[in-house]
Amino acid sequence: MQENTLLVLDGNSLAHRAFHAIPHLATSQGLVTNAVYGFTNMLLKVIKELQPGLVAVCFDMGRVTFRHEQYGEYKAHRPATPDELRPQFPLIKEVLAAMNIPVLECEGYEADDLIGTLVSRAEGEKIASIIVTGDQDSLQLVSPLTRVLLTRKGISELEEYTEGRVWERFGITPAQFPDYKGLVGDTSDNIPGVPGIGPKTARTLLKEYGSLEEIISRVDELPARLRDKIRPYREQALLSKQLATIERKVPLEIDVGALRWPGPDYNRLLALFSRLEFKTLIRAIRQELGQHEDEAGGHPVREVETYRVNFRHLTGKEELCRLVELSRQSGRVAVALSGTRREGIAAAAVALKSPGESPELSVFYLGTESPAGGQAALEILGDILADPGIEKLLHDGKSALWLLHRYGLTINNLAFDTMVAAYLLNPAAASQELADLALEHLKVVLPGRGEEALAARADAIWRLSELLAEKLRLAEMERLYYEVELPLVTVLADMEMTGVAINRQHLEEMSRELEVKIASLAEQIYQLAGEQFNINSTRQLGHILFEKLELPVIKKTKTSYSTDASVLEELSGAHPIVPLVLEYRQLMKLKSTYVDGLAALINPETGRVHTTFHQTVTATGRLSSSDPNLQNIPIRLEEGRKIRKVFIPGREGNLILTADYSQIELRVLAHMAKDPNLLDAFRRGEDIHTRTAAEVFGVSVTEVTTDMRGRAKAVNFGIVYGISDFGLARDINVSRQEARQYIESYFARYAGVKAFIERTIREAREKGYVTTLLNRRRYLPDLFSPNRSVRMFGERTAINTPIQGSAADIIKLAMVRIHRELKERGLATRMILQVHDELIFDMPAGEMAEVTELVRRHMENALVLDVPLVVDMKLGPNWYEVKKI
DNA sequence: TGACTCACG
DNA sequence: ACGTACGTGAGTCAA
């Protein structure tokens with residue numbers, strides 16, 4: 001700690017910098033926070049680096065300062081503070097209050113003057129100062145005891161100015177800054193200076209004469225050219241200097257000693273950050289606090305209210321049996337597990353309510369690994385979890401199911417999952433971790449490790465369940481939660497555990513074949529390039545194509561030449577190396593991601609891949625899949641499509657059944673928009689793209705060419721994505737004007753769709769969010785961005801999310817019902833994958849009639865829309881050779 | 001870790 | 001004069 005260092009920040013200057021440096025940031029409720037975030041981030045960073053003993057932040061106050069009295073035009077052309085920034089100042093001051101950092105303001109003075117006054121006083125007491133600002137004017141305050149950190153492009157990069165550095169950079173001493181400004185002026189502050197005198201002349205003059213006053217008193221010595229420039233503007237120059245001079249004697253009552261910094265009020269800070277949804281900052285603070293607590297013999301941070309709960313560590317058989325009793329009496333338990341999928345369950349904590357007891361909520365800890373009673377603890381846990389008469393509340397129930405899986409244990413009656421509930425309340429949140437939810441909703445910091453941490457988690461799950469259940473009710477998402485998302489947790493767990501069988505021999509064969517092809521392509525590419533290089537490196541490839549071979553540059557990326565497929569396709573005819581690179585890329589992708597990547601994830605025990613489905617990741621309500629991602633297995637190009645041959649049924653005599661919704665998103669659109677033309681097309685069972693082509697091109701359905709249909713298909717896609725002429729033009733390779741025409745004639749023929757789009761955006765602006773058919777919600781803070789392109793992005797999202805999200809609602813509802821009926825009927829067919837509009841099953845051939853009927857019935861009737869939902873089914877010995885049935 | 005590229009719906 | 005299609009995850013390079 002630098003006990004005798006004073007850190008002073010220019011609040012106004014830094015807030016402005018942060019506002020312009022941080023692209024856009026807002027809470028889920030639309031509160032704009034970019035400047036607060038940027039400012040806070042920077043503040044925490046400098047404090048951490050500099051460890052100052054004294055801290056203050058200065059702000060401007062009052063529109064009129066003493067400088068305006070000296071010169072009415074001072075800062076006359078300064079643009080008004082943006083509307084998005086102004087309300088962020090009080091928030092910044094709240095952050096400072098929570099940080100225990102004094103805010104200094106004085107009527108009629110600018111932040112600079114307060115800073116000047118503070119550092120002058122500090123110097124008087126031999127205290128070193130560091131000024132952080134984005135304003136060059138402060139450089140005049142640099143001295144042997146005072147340094148300035150100036151923000152450089154953005155806000156987090158700071159450049160340190162000592163006396164030496166000021167001289168190097170500007171060729172003047174810090175004290176000469178006002179003189180310099182007096183000559184050169186400053187357009188941003190509307191300080192006039194002397195017309196015709198630029199930085200170079202000013203520097204030379206100051207080097208020779210030292211000060212502006214000296215220059216003026218000896219103006220006759222100057223060469224005629226300069227003399228005539230300066231003489232008529234003597235008064236203006238002196239006034240300019242006066243305006244640029246920082247006042248160091250502001251009548252501040254505060255003493256430098258009073259700025260001694262006691263450190264932050266962590267509780268207040270965390271509560272504020274959770275209100276502002278600064279997740280990363282919260283995590284950083286929690287981590288820092290964790291470190292402090294771990295320091296042996298160090299001082300635990302007492303002012304932080306880490307959440308502590310009383311709990312009982314159960315060991316004896318009797319006590320454990322008693323827990324089952326208590327759980328039954330309670331009727332519901334919140335359970336937190338610790339451990340990993342590799343190593344198993346290490347411990348569990350159970351929270352339950354004992355009527356009449358005080359406190360009502362009791363928490364129990366069970367060590368499942370301890371030699372004494374570990375086995376018994378696990379059995380007791382298993383009994384409680386399996387008992388359908390006891391409601392289970394968990395955070396991330398699917399992970400818990402996986403942890404229990406190896407012990408042959410499961411959960412019956414999963415009554416609440418806080419992770420999934422929080423996701424519905426704000427699907428765009430960066431994290432749904434329990435610690436973050438506890439902070440956001442319960443305003444407590446969960447402890448990091450140990451028995452008390454697990455106990456606190458169980459307790460928090462109980463409290464969050466009650467809180468989030470009420471929030472779901474208020475948001476009218478109870479049906480979506482209890483009928484779809486919550487039961488889906490178990491469905492997804494079953495799908496993951498079943499896994500997908502893989503033909504490993506076939507996969508290895510493909511790997512060898514690809515290896516040979518890739519090596520041969522690489523050889524040919526090196527030949528044509530005249531050297532060996534890494535074809536995978538876009539930088540090296542760019543060098544070869546655009547520098548060595550001098551091919552025309554079509555497109556640039558932020559950092560260099562673009563070499564993506566669209567560029568290479570355009571260059572295909574220009575040099576024989578280009579098509580080879582395209583083919584190399586394609587095969588390389590297949591080998592590394594799909595062939596070798598997939599092989600690496602085959603579980604040696606089951607011979608299958610067990611993907612993870614993520615239920616709380618996407619902003620729209622879709623699922624995602626990882627490790628491996630089985631939702632992006634190639635299909636569009638034949639070479640890649642062959643990968644699907646390795647996805648096989650898990651048992652002899654089984655088949656792969658696929659069932660996909662036909663045009664589900666356009667059907668959802670037809671239903672939501674109630675457009676007569678679109679409704680009619682689907683009710684008649686027409687080919688939707690052909691019909692659209694006929695409408696847009698004004699021909700009869702029989703006259704539609706392949707090309708017309710292709711364009712119409714792109715228009716239909718575009719509508720769903722929130723269309724733009726630019727995007728459409730790029731996609732189908734026509735002029736922007738032509739794309740514009742297609743869109744116009746589309747909207748002329750489908751006026752209901754146009755009205756739907758306008759209505760959706762309007763409602764989104766009014767409410768701040770959009771909803772799906774089952775009332776799934778997505779907040780759209782982008783709609784309120786001051787940045788036009790961000791705002792338009794928000795508008796496209798407003799269109800796409802209800803459509804994409806409603807399709808997700810529908811297929812999830814179908815999945816829950818299909819899973820339930822397969823189970824009820826005791827069928828051996830297993831649902832193994834979901835790919836957004838498609839379900840894939842591993843099915844005994846003998847169950848075909850029953851299962852196809854069941855699947856179709858649930859998928860087509862998941863929701864009743866104004867148009868029929870149509871499902872296409874395919875059957876085969878693997879995922880490649882499936883034939884329509 | 002971010003940028004780039006590319007696979008899917 | 002901008003800068004754009006919506007939603008994901010994985011592999012690779014290069015700092």
Side-chain angles (χ1 to χ4, degrees), chain A residues 427-428 533-542 555-569 581-582 584-598 600-601 611-614 617-637 639-641 643-644 660-666 669 714-732 736 739 743 770 778 780 782 787-805 807-808 811 833-839 879:
Chain A
F533 67 101
N534 188 342
I535 309 167
N536 296 323
S537 163
T538 48
R539 243 191 83 209
Q540 292 182 38
L541 180 63
K555 194 163 64 168
K556 289 196 139 195
T557 67
K558 256 187 275 183
T559 51
S560 62
Y561 311 109
S562 172
T563 65
D564 69 23
S566 70
V567 169
L568 297 185
E569 262 152 39
V581 170
L582 271 168
Y584 174 93
R585 278 252 178 96
Q586 194 198 340
L587 299 186
M588 195 67 190
K589 174 92 178 173
L590 287 179
K591 183 167 189 294
S592 62
T593 304
Y594 296 104
V595 176
D596 297 345
L598 198 60
L601 287 166
T611 184
T612 302
F613 286 109
H614 302 274
V617 165
T618 72
T620 55
R622 276 189 176 181
L623 299 176
S624 80
S625 153
S626 73
D627 310 291
N629 180 354
L630 294 184
Q631 291 182 321
N632 70 346
I633 302 301
I635 189 166
R636 291 173 191 168
L637 301 175
E639 296 94 316
R641 189 176 195 149
I643 297 282
R644 295 185 170 224
D660 68 281
Y661 280 111
S662 160
Q663 305 297 347
I664 189 168
E665 294 193 341
L666 287 173
L669 173 65
V715 172
N716 279 328
F717 270 104
I719 296 294
V720 170
Y721 292 157
I723 200 152
S724 76
D725 52 6
F726 183 92
L728 181 63
R730 182 151 63 77
D731 203 49
I732 57 175
R736 210 163 147 171
I743 294 168
V770 288
R778 177 180 183 179
L780 293 172
D782 284 356
N787 179 320
R788 182 185 135 92
S789 81
V790 174
R791 211 165 50 238
M792 295 194 63
F793 172 75
E795 291 179 2
R796 293 195 295 273
T797 318
I799 302 305
N800 178 259
T801 297
I803 301 172
Q804 193 182 113
I811 195 167
L833 292 175
Q834 187 253 42
V835 192
H836 311 306
D837 64 354
E838 175 184 22
L839 297 175
W879 201 7

Look at all strands and tell whether [X] reaches a base, only sugar-phosphate, or nothing, counting heavy atoms closer than 4.0 Å.
X        : result
A/Thr563 : sugar-phosphate
A/Asn629 : sugar-phosphate
A/Arg636 : base
A/Ser625 : sugar-phosphate
A/Asp627 : sugar-phosphate

Is [X] close enough to [N] that one of its side-chain N or O atoms is under 4.0 Å from OP1 or OP2 there?
X        : N      : result
A/Gln804 : C/dT8  : no
A/Asn534 : C/dC13 : yes
A/Arg796 : C/dT4  : no
A/Arg788 : C/dA1  : no
A/Arg730 : C/dG3  : no

Would you measure the distance from the [atom1] atom in [N] across to the matching atom in [M] and give it in whole Å?
N     : M     : atom1 : result
B/dA3 : C/dT4 : P     : 14 Å
C/dA5 : B/dC4 : P     : 14 Å
B/dA7 : C/dC2 : P     : 31 Å

Presence of salt bridge, A/Arg622 and A/Glu665, under 4.0 angstrom
yes
State the CD-CG distance between A/Glu639 and A/Leu590, to the nearest 0.5 angstrom.
7.5 Å
Sorted by position of nearest nucleotide on DNA chain C, 5' first, the leading residue of A/Ser724 and A/Arg778 is A/Ser724
Close side-chain approach of A/Leu833 to A/Phe613, heavy-atom, < 4.5 Å:
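Sidechains of A/Phe613 and A/Leu833: in contact.
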Only residue of A/Asn536, A/Thr593, A/Ile535 satisfying side-chain contact (heavy atoms from CB on, under 4.5 Å) with A/Met588 is A/Asn536
Pairing partner of C/dA1 (Watson-Crick or G-U wobble, both distances under 3.5 Å):
none
Is C/dT12 paired to anything, Watson-Crick or G-U wobble with both distances less than 3.5 Å, and if yes, which nucleotide?
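Because both required distances fall under 3.5 Å, C/dT12 counts as paired with B/dA3.
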Any donor-acceptor pair under 3.5 Å linking the side chain of A/Arg778 with the backbone of A/Pro427?
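Flag not set: sc A/Arg778 to bb A/Pro427 has no pair under 3.5 Å.
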Can you find an N or O donor on one side and an acceptor on the other, under 3.5 Å apart, linking the side chain of A/Arg791 with the base of C/dT4?
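Counting by modelled atom types and ignoring angles, no donor-acceptor contact under 3.5 Å is found here.
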Tightest non-hydrogen contact, residues A/Ser566 and A/Asp564, listed as OG-OD1, 2.8 Å
In the 5' to 3' direction, the nucleotides of DNA chain B bounding the stretch that comes under 4.0 Å of a heavy atom in chain A are B/dA3 to B/dG9
Which nucleotide in C/dG9, C/dC13, C/dG7 has an atom nearest any side-chain atom of A/Ser537
C/dC13
Checking A/Ser626 against A/His614: is there a side-chain donor and acceptor pair closer than 3.5 Å?
yes
